[in-house]
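Just so it is clear: chains get the letters A, B, ... in the order the sequence lines come, proteins before strands, and each one is counted from 1.
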Amino acid sequence: MEQAGKRPRVNLAVEITGLTLQNPVMPASGTFGFGEEYAPFIDLNRLGALVVKTITLHPTPGNPPPRLMEGHCGLLNSVGLQNPGLEIFLREKLPYLRRYTPPLIVSIAGRTTEEYAELAARLSEAEGIAALEVNISCPNVKEGGIVFGTVPAMAARVTAIVKEHTHLPVIVKLTPNVTDITTIARAVEDAGAGAIALINTLQGMAIDIERRRPALANIVGGLSGPAIKPVALYAVWRVARAVKVPVIGMGGIMTARDAIEFLLAGATAVAVGTATLVDPGAITKIIAGLENYLTEQGLADVRELIGALQI
Amino acid sequence: MEQAGKRPRVNLAVEITGLTLQNPVMPASGTFGFGEEYAPFIDLNRLGALVVKTITLHPTPGNPPPRLMEGHCGLLNSVGLQNPGLEIFLREKLPYLRRYTPPLIVSIAGRTTEEYAELAARLSEAEGIAALEVNISCPNVKEGGIVFGTVPAMAARVTAIVKEHTHLPVIVKLTPNVTDITTIARAVEDAGAGAIALINTLQGMAIDIERRRPALANIVGGLSGPAIKPVALYAVWRVARAVKVPVIGMGGIMTARDAIEFLLAGATAVAVGTATLVDPGAITKIIAGLENYLTEQGLADVRELIGALQI
Amino acid sequence: MLQDLEAEVLASHQLGQDVYLLRLHAPLIAEAAQPGQFVHVRCSETFDPLLRRPLSIHDAGNEGELTLLYQVKGRGTAWLARQQSGQKINILGPRGRGFTLPQNKRLALVAGGMGMVPLLFLARRALEAGNEVDFFYGARDREQLYQLETLKAMQVNLFLATDDGSAGFQGPVTKLWEKYIPERSYDRGYACGPRPALAAFACLAGRASLPAEVSLEERMACGLGACRGCVTALQDPSGNKYYENVCTGGPVFDAVAVYWED
Amino acid sequence: MLQDLEAEVLASHQLGQDVYLLRLHAPLIAEAAQPGQFVHVRCSETFDPLLRRPLSIHDAGNEGELTLLYQVKGRGTAWLARQQSGQKINILGPRGRGFTLPQNKRLALVAGGMGMVPLLFLARRALEAGNEVDFFYGARDREQLYQLETLKAMQVNLFLATDDGSAGFQGPVTKLWEKYIPERSYDRGYACGPRPALAAFACLAGRASLPAEVSLEERMACGLGACRGCVTALQDPSGNKYYENVCTGGPVFDAVAVYWED
Ligand SMILES: Cc1cc2nc3c(=O)[nH]c(=O)nc-3n(C[C@H](O)[C@H](O)[C@H](O)COP(=O)(O)OP(=O)(O)OC[C@H]3O[C@@H](n4cnc5c(N)ncnc54)[C@H](O)[C@@H]3O)c2cc1C
Ligand SMILES: Cc1cc2nc3c(=O)[nH]c(=O)nc-3n(C[C@H](O)[C@H](O)[C@H](O)COP(=O)(O)OP(=O)(O)OC[C@H]3O[C@@H](n4cnc5c(N)ncnc54)[C@H](O)[C@@H]3O)c2cc1C
Ligand SMILES: Cc1cc2nc3c(=O)[nH]c(=O)nc-3n(C[C@H](O)[C@H](O)[C@H](O)COP(=O)(O)O)c2cc1C
Ligand SMILES: Cc1cc2nc3c(=O)[nH]c(=O)nc-3n(C[C@H](O)[C@H](O)[C@H](O)COP(=O)(O)O)c2cc1C
Ligand code: FES
Ligand code: FES
């Protein structure tokens, strides 16, 4: 698409497990609500995809407050997956989201594999959903609370069950709180994941020394933001080399430069979380910055960046 | 020790595996060189202990430059254990260090369990060493490069072998790059560790987007500094509850308030690394700040803080 | 309409040891502002501190002037205190559900410490709407009673309380207010301040069957209702506890809706 | 003696689009400073940026004045550029191994871009020690040649080069210098600038059997020799590569000791 008198436009589109994204930048689940909260600030139609807060089968009240604590260059949260549950999502949130053109990715979490299965089945019947993102950073109540995403076999089982219950593309989102994230990545790839998203938050804690109490009511929280970027980038680089399916990279992306680092490391797309909490326009600025960078570098296609890191 | 006309002095002394530390604040291995570098700035005799850079059996040249990259609120380093080796340490560094009164803790690392054994044996013959700190965040060349500290049995084996070859107290320093750090902690405790130090750095990466190359020549580096504090604090809290031996907490401690968080979380002592690289006086400021805090809070003994977190 | 803009600092005045009055030029926000709403302020050029800081709207003038009043608590407000006139500050707002604004009624405004900040703006708008305003203002000591001149210049009935008795009544401001409840037969009460004071206020209002509103604080990230990080516990009419965002459902809540026992 | 102190900003002058001259009051450092040494500057009130930034000593006056000259590259130097007179900046120094300072010799100083910074200080001290100084100074264009007035006021023989020919010789400064090597029979050469320029300089000096020193840059953390983070590859006389700290073993090294092929 050459515009008269202008530089040729660069291609920003990428493909992820059958979905075409007009650009590789999307919100990270849980930081973008159900989209509507950001509509006063940005045109949701400009995003690579829409990704909603993780939903559960039943309404989840979430953890008691305080749920937030700021670290240095990082945010510690223990929202506890607060969400209105599947029914209300389908009835009250989905119709609004359907009005937008970018593919809608619905993040799901269960306490048992059965809950994942039911969520997958029910969402697959609904209209306007482009893919499921399986959040496996939550405890399996049937296995003594072990987090699904920390054991390859459990991660694989959730993936396989979701696959069985849906025709939609399945993205599996990994937790970084493991010894070897590539083992988990390969396990979910083998189980049928069409793409892998990473990283979810790092486990962390803060203490209020005046009250001698944990700063978060839930004691432990998830660390996100610029603080974790090096950890996220390393995990993405390793996973991108270990699997064949596309990777969606995230963790501390605040600027277009950060996003480019993730693409060079092998991510086919990126997600932006904490940055949006600080600046509602972060995602659109990153998209614009990415386009500028490509133009400046004389690159015609964003895909030339993907995995282009020279070792 | 009440001083005439003054407030009673608070007790800062703690005990760790038979060593009495005049206060619970010490340098973190690798950030304090061999002590002499900081002598122009602080009185080394004021420290709780002296902890030297990890030494290896043979001289280690370290990784090629660049070895450093700054993240947001964090430092990524890949020094690669550069050190002059055991012989030069004994001949050229130890005599200097012996002049100081705080207990000298020597950090050691090996590529095989045999190297750990030999280091332990040789250092135990030398005079002026109070304890060994076993750095298990390095690859076992005989086991395909798997990091000793990521497998409970391997971590236990290194600990046991070091114990066999020394009469000195043994501190084992854990890597946080594992799924469940308490399993490793219990394994080294069972194998005879007299204290546990944590955390070593988190694995991370950065990319120079202009050159499309890793920012560190070694590709991967270790992340330290304020960015990792929430992760470190959570690991310390969990390990302190999982083991009976004392814990030395570290990771992002920049101020006395940070140190107090670690003590409340259950650390008997703390180590300060990156802060010293930014401010050579950081450790002594933290000691002074800790003393002030105790006085202000009307506490007579720092041990009242240890593990005093209310859940 | 919610804005995200760069506001120019007109002036920053130090009112007390660690309290600052910040005057900003932000016409779009000033015009839209309702008492009880807040702005979400970026307090850094870097990522440390990372999050915005919520600050109540203290006043909003006709000339597009927006006034904030804050106490330096930590890194964010310390950064703010370093900003000088001419510099630009990124603010997002006006945000949140403000106070109910009746007409021609008698209102009690009860401020504890920095809780005075949004109540001054409420007083101004309440007076404009023909209400009679009793303004109860308590602090630790007379040094920590700010903006007395501004309040006196307004047509409020001002009642002061200090913990040490250095100005007005000696004791909690809620105790002072309590004495006036019977005789002044208020139509509505409003409070902002430390949570224990709010709980005491809610209890007194409840006993007097007085409709009452309180402004709550919680740590915030987005300030937009998206992250669900800033919740407070509320109770539904049957006493069941649930969580509501302070940034969108509040910061002002009906006193009876707040789940006080946590 | 190495110091860690708060230095007051006397003035900050913008010399070019992104280049600043910073005058500090730091008597203890100014008195001890040797040409080629640097100071390690804390560029933040928070932890972002976290590390100090090394900056060469550009000049040191009798009145305790220490002058730095820097280009804004990223967050640290951007912070520095925001500091105004009267503010305090934490600096640590003087640090590092500086240039050899002979007496009554003829010296060649070859500066590429910001490499001029430590060489101006060297020129001043070299002149005081009775040396004759040829100062070669190259930059992209005439706009990026800084401190020409100061250099002209000194007794150096100034030779300029620009990539675009907008001032002096058109081409690399090392090419310009090359022409003078035979006729001027120098006793010693000094260079600071981008690494490729230093390598060219080292090669020319080697061919002319001229003792030569170069000032290198590496990212630094402690600046004290403790962390081993700032190493550069050197070679021993038999050509074996080894790593040396730039902060303590340098930043100035013998040109023949540097392992250029990395
Ligand atoms: C709706 C709302 C309106 C507010 N209006 C005002 C106002 O008009 N004037 C004023 O002085 N303050 C006001 N506050 C409180 C103000 O937001 C905090 O004092 C400020 O965010 C502290 O930031 P800091 O970086 O200086 O401190 P930090 O270093 O972040 O923290 C210092 C202390 O303040 C606490 N704190 C941090 N963030 C918050 C927060 N968002 N809410 C409550 N406590 C927090 C921390 O736990 C810590 O104990 C308001 C808070 C809310 C939620
Ligand atoms: C001994 C020594 C003396 C120096 N003297 C001067 C001087 O007098 N004037 C001057 O303008 N600059 C000098 N520099 C370079 C200066 O230290 C860097 O430009 C500065 O640290 C960049 O910091 P920043 O936060 O602005 O940029 P950052 O955001 O940290 O980085 C911007 C770019 O600069 C690079 N960089 C960061 N730190 C360093 C470093 N320590 N050394 C080299 N490159 C780095 C980064 O890789 C990145 O590409 C010197 C460097 C050394 C080692
Ligand atoms: C407040 C908050 C809530 C989050 N909620 C979810 C969630 O519901 N589901 C999920 O998969 N990830 C959740 N995350 C993790 C983010 O999607 C993302 O993986 C992580 O924050 C790292 O990216 P960032 O550094 O850009 O924020 C949440 C993160 C934050 C900060
Ligand atoms: C430059 C650097 C070098 C280090 N070298 C070692 C080392 O040799 N041995 C070791 O056990 N830990 C080493 N560490 C890790 C620290 O001892 C410490 O565990 C870690 O940095 C976390 O603490 P901090 O955030 O206070 O720096 C090093 C850290 C840094 C930053
Ligand atoms: S701060 Fe994000 S929902 Fe209120
Ligand atoms: S910067 Fe630490 S050794 Fe040079």
Side-chain angles (χ1 to χ4, degrees), chain C residues 4-25 39-55 68 70-92 219-223 227 229, chain D residues 4-25 39-55 68 70-92 219-223 227 229:
Chain C
D4 174 14
L5 51 78
E6 305 291 321
E8 190 181 323
V9 176
L10 297 171
S12 174
H13 308 281
Q14 187 164 3
L15 299 188
Q17 207 211 322
D18 52 2
V19 171
Y20 292 77
L21 184 81
L22 181 66
R23 291 170 44 219
L24 298 171
H25 182 70
V39 288
H40 214 26
V41 185
R42 185 109 173 74
C43 293
S44 178
E45 283 112 2
T46 65
F47 300 132
D48 186 26
L50 177 63
L51 301 175
R52 290 169 183 269
R53 303 297 194 240
L55 293 176
L68 308 178
Y70 64 92
Q71 183 170 22
V72 172
K73 281 281 198 94
R75 298 169 290 154
T77 46
W79 180 91
L80 212 53
R82 287 196 298 270
Q83 305 313 301
Q84 292 155 355
S85 48
Q87 288 182 283
K88 302 259 178 165
I89 292 178
N90 181 276
I91 60 176
L92 194 151
R219 296 193 206 117
M220 290 183 182
C222 68
C227 74
Chain D
D4 174 14
L5 50 78
E6 304 292 321
E8 190 181 322
V9 176
L10 297 171
S12 174
H13 308 282
Q14 187 164 2
L15 300 188
Q17 207 212 322
D18 53 1
V19 171
Y20 292 78
L21 184 82
L22 182 66
R23 290 170 44 218
L24 298 171
H25 182 68
V39 288
H40 214 26
V41 185
R42 185 108 174 74
C43 294
S44 178
E45 283 113 2
T46 65
F47 299 132
D48 186 26
L50 177 62
L51 301 176
R52 290 169 183 269
R53 303 301 194 234
L55 292 175
L68 308 178
Y70 63 92
Q71 184 171 22
V72 172
K73 281 280 198 95
R75 297 169 292 155
T77 46
W79 180 90
L80 212 53
R82 287 196 297 271
Q83 305 313 300
Q84 292 156 356
S85 49
Q87 288 184 283
K88 303 259 179 165
I89 292 178
N90 181 275
I91 60 176
L92 193 151
R219 295 192 207 119
M220 290 184 184
C222 67
C227 73

Do Arg75(C) and Glu45(D) meet the salt-bridge criterion of a basic N to acidic O distance under 4.0 Å?
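No salt bridge links Glu45(D) with Arg75(C).
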Whether Asp48(C) side chain and Thr46(D) backbone form a donor-acceptor pair below 3.5 Å:
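Pair absent, no side-chain N/O of Asp48(C) close to backbone of Thr46(D).
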Measure the CZ-CD distance between Arg82(D) and Gln87(C) for me, rounded to the nearest 0.5 Å.
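One finds 9.0 Å between CZ of Arg82(D) and CD of Gln87(C).
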